[in-house]
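Beneath this line is the structure, given in structure tokens, with notes to follow.
Basis for what follows: all heavy atoms, side chains included, without hydrogens, waters or symmetry-related copies.
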Amino acid sequence: MLDKENFFIQDCESLNEHNYRQRVNKSHVFHSLEWMKVVRESLGVKYKIAILKENDIVVATIPFVTYHNLIKGSCALPLQYSGYYSSIVADNDNFKKKILSHFFEYCKKYKLYTQIPELNEIKGYKGFLGYSIYKINLKQDSKVDEQILNNASKRMRSYTKNAIRSDLVCCTGRLELLDQFYLLYLQNMNELGTPPLPKKYFKNIIKYFPKTAKIILVKNENQICSGMFVLKVSKSELFASAISTPRLHQTMQSSHLIYLQAAREAKKMGCSVMNFGRSIDGSGPAIFKKRYGLQVTPLLMYSPDKNWTVTDPSKSILRYVVLIWKKLPIPLSRLLGMILAKHVI
């Protein structure tokens, strides 16, 4: 008997929720229905699901948002707004390859820009480089501080020790810290020249993941210096969704301390991995993370576009937009961010 394949696109709202939850319950939270609600309620962007069936049984899925992006045009983007990877949930590598082929054909047919972030190679497809993921694997039988200091470069180790001995204080919370974190986040995004996500994006993450989303702040007696928004994305991994260390507020190596505190928090939450997210290879954040001693894993981007490249504003005409954005008053950048943040890729 020949296997019968069936590929189709389904709106998130029409899914059989029970069946879908069963299918993705062992994957990370960015495949969850709760995450789709965060994106829809915060940014007004809806999810669709690419589904591959064989003999009337679902064998692979890809959740993605579809909208008209001001930079790339019409898009179909898996894991957009998450900064994460592993876009495909498949029963095996063969089905992963098959659904990727169907999804690319779908995007070509409807002229949709797409990029699929993955850590592992997919045979028969070229994975483009340009981003890397930065993590630390935490040993349960060793103190976090020792692991961080042992892995860091000599200079980073010195800076981190100074931060530990300083009068800086770390605090962790959720909604009660959101206003303070968001002001820091706005300043950081202004310095980067990037439209900020709205506050309700972070508020909704806490709403739908009340036990696994947290805010970490580092402050001294005068001001808040650094902030990080973290989310437990699986049983073993805590993920830094947003790291805010604006130059205006940095003092006494506060950025070094907040990385350490995040790793401490990961261990408290029973995680064996602290993931500090992706950075463009060769960028300032990438250099900082590498010197901090974090494990570097190249991120593979799969795309039907044979000329795919990293969207790096510093190396395109967007650099002029970045320069203008950096000069905007923060209240104005916040207002414009409500419209433009969803277009950042």
Side-chain angles (χ1 to χ4, degrees), residues 11-13 24 27-50 61-89 107 112-118 131 133 178 181-182 185-186 188-189 192-209 212-215 227-234 237-244 275-280 285 299 301-303 310-313 318 333-334 336-345:
D11 290 335
C12 175
E13 290 81 2
V24 302
S27 185
H28 54 72
V29 299
F30 300 117
H31 282 280
S32 70
L33 295 172
E34 286 75 18
W35 178 254
M36 298 176 197
K37 291 175 183 177
V38 168
V39 172
R40 184 182 72 242
E41 293 178 16
S42 305
L43 302 169
V45 180
K46 293 184 178 182
Y47 262 88
K48 295 179 181 290
I49 312 292
T61 55
I62 303 176
F64 65 97
V65 294
T66 177
Y67 68 108
H68 185 84
N69 185 279
L70 293 178
I71 301 172
K72 298 294 186 180
S74 297
C75 290
L77 294 169
L79 302 187
Q80 174 71 330
Y81 315 119
S82 71
Y84 208 69
Y85 45 85
S86 298
S87 310
I88 305 170
V89 174
C107 291
L112 302 172
Y113 173 85
T114 193
Q115 56 185 34
I116 312 287
E118 295 283 329
Y131 295 102
I133 301 295
L178 181 57
F181 166 79
Y182 194 68
Y185 169 77
L186 288 175
N188 192 71
M189 298 302 279
L192 294 173
T194 304
L197 290 161
K199 185 194 288 187
K200 63 181 177 180
Y201 168 81
F202 300 104
K203 188 175 183 178
N204 282 330
I205 294 177
I206 297 172
K207 172 185 173 182
Y208 284 105
F209 303 98
T212 53
K214 290 187 177 183
I215 293 169
M228 192 178 294
F229 194 99
V230 296
L231 177 64
K232 191 173 182 179
V233 296
S234 67
E237 183 171 303
L238 189 65
F239 175 65
S241 176
I243 304 173
S244 298
N275 184 339
F276 290 98
R278 77 184 189 193
S279 294
I280 296 174
L299 181 65
M301 283 290 191
Y302 292 93
S303 173
V310 172
T311 304
D312 186 352
L318 291 174
S333 67
R334 178 181 182 178
L336 293 174
M338 293 179 182
I339 302 169
L340 300 175
K342 66 182 180 182
H343 298 284
V344 177
I345 294 180

Review point. Between the main-chain N or O of Leu231 and the side-chain N or O of Thr212, is there a donor-acceptor pair closer than 3.5 Å?
Key: no
Exercise for review: Report yes or no: does Tyr182 contribute a side-chain atom to a donor-acceptor pair with the main-chain N or O of Lys199 at less than 3.5 Å?
Suggested key: yes
**Study point:** Check: Thr114 side chain, Ala76 main-chain N or O, donor-acceptor pair, under 3.5 Å
**Key:** yes
Check your understanding: Can you name the nearest heavy-atom pair linking Ser27 to Val89, along with the distance?
Key -> OG-CG2, 3.8 Å
Revision key, fill the gap. Of Val45, Val65, Ile116, Thr66, the one forming a side chain to side chain contact (heavy atoms under 4.5 Å, CB included) with Leu77 is Val65
Exercise for review: Heavy atoms only: give me the nearest Phe181-Gly227 pair and the separation to one decimal.
Suggested key: CE1-C, 3.9 Å
Exercise for review: Provide the closest heavy-atom pair for Leu79 versus Pro117 in the form atom of the first, atom of the second, distance.
Suggested key: CD1-CG, 4.3 Å
Study note, to complete from the structure: Nearest heavy-atom approach of Gly83 to Arg278 is O-CD, 4.0 Å
Name the atoms and distances for all side-chain donor-acceptor pairs under 3.5 Å in residues 28-35, with sequence neighbours left out.
residue : atom : partner : partner atom : Å
His28   : ND1  : Phe30   : N            : 3.2
His28   : NE2  : Tyr85   : O            : 2.9
His28   : NE2  : Ser86   : O            : 3.0
His31   : NE2  : Ser86   : O            : 2.9
Ser32   : OG   : Val29   : O            : 2.5
Ser32   : OG   : Trp35   : N            : 3.2
Glu34   : OE1  : Arg21   : NH1          : 3.2
Glu34   : OE2  : Arg21   : NH1          : 2.7
Glu34   : OE2  : Arg21   : NH2          : 3.2
Trp35   : NE1  : Tyr47   : OH           : 3.4

Point to revise | Pairwise side-chain contact, Phe239 with Val230, heavy-atom cut-off 4.5 Å (strictly under) | key: no
Exercise for review: Return the minimal non-hydrogen interatomic distance between Pro198 and Ser42, and the atom names on each side.
Suggested key: CG-O, 3.8 Å
Review point. What distance do Asn275 atom CG and Glu237 atom CD have between them, rounded to the nearest 0.5 Å?
Key: 4.5 Å
**Study point:** NZ-CD1 distance between Lys207 and Ile205, expressed to the nearest 0.5 angstrom
**Key:** 12.5 Å
Point to revise | Verdict with reasoning, Glu41 to Tyr208, per side chain to side chain donor-acceptor pair (under 3.5 Å) | key: CA-CA 11 Å; Glu41 293 178 16; Tyr208 284 105; 2.4 Å; yes
Study note, to complete from the structure: dist Met189:CE -> Leu197:CG (nearest 0.5 Å) comes out at 6.0 Å
Check your understanding: Is there a side-chain contact (heavy atoms from CB on, under 4.5 Å) between Leu336 and Met338 once you walk through the steps?
Key -> CA-CA 5 Å; Leu336 293 174; Met338 293 179 182; over 6 Å; no
Exercise for review: Measure up the Phe202 and Tyr185 rings against each other and bin them: parallel (under 30°), tilted (30 to 60°), perpendicular (over 60°).
Suggested key: perpendicular
Exercise for review: Mind checking the CE-NZ spacing from Met36 to Lys48? Nearest 0.5 Å is all I need.
Suggested key: 12.5 Å
Review point. Under the 3.5 angstrom rule, does the side chain of Gln80 hit a backbone N or O of Val344 as a donor-acceptor pair?
Key: yes
Check your understanding: Can you tell me if Glu118 uses its side chain to pair, donor with acceptor, with the backbone of Ser87 under 3.5 Å?
Key -> yes
Revision key, fill the gap. One should read off an interatomic distance between Tyr113 OH and Cys107 SG, to the nearest 0.5 angstrom, of 11.0 Å
Exercise for review: Give a yes or no on this: more than 12 heavy atoms of other residues, nucleotides or ligands lie within 6.0 Å of atom NZ of Lys203.
Suggested key: no
Point to revise | Whether Asn69 side chain and Lys72 backbone form a donor-acceptor pair below 3.5 Å | key: yes
Check your understanding: At what distance, to the nearest 0.5 angstrom, does CZ of Phe229 lie from OH of Tyr201?
Key -> 8.0 Å
Point to revise | Close side-chain approach of Ile243 and Asn188, heavy atoms under 4.5 Å | key: no
**Study point:** Mutual orientation of the aromatic rings belonging to Tyr67 and His343 [parallel < 30°, tilted 30-60°, perpendicular > 60°]
**Key:** tilted
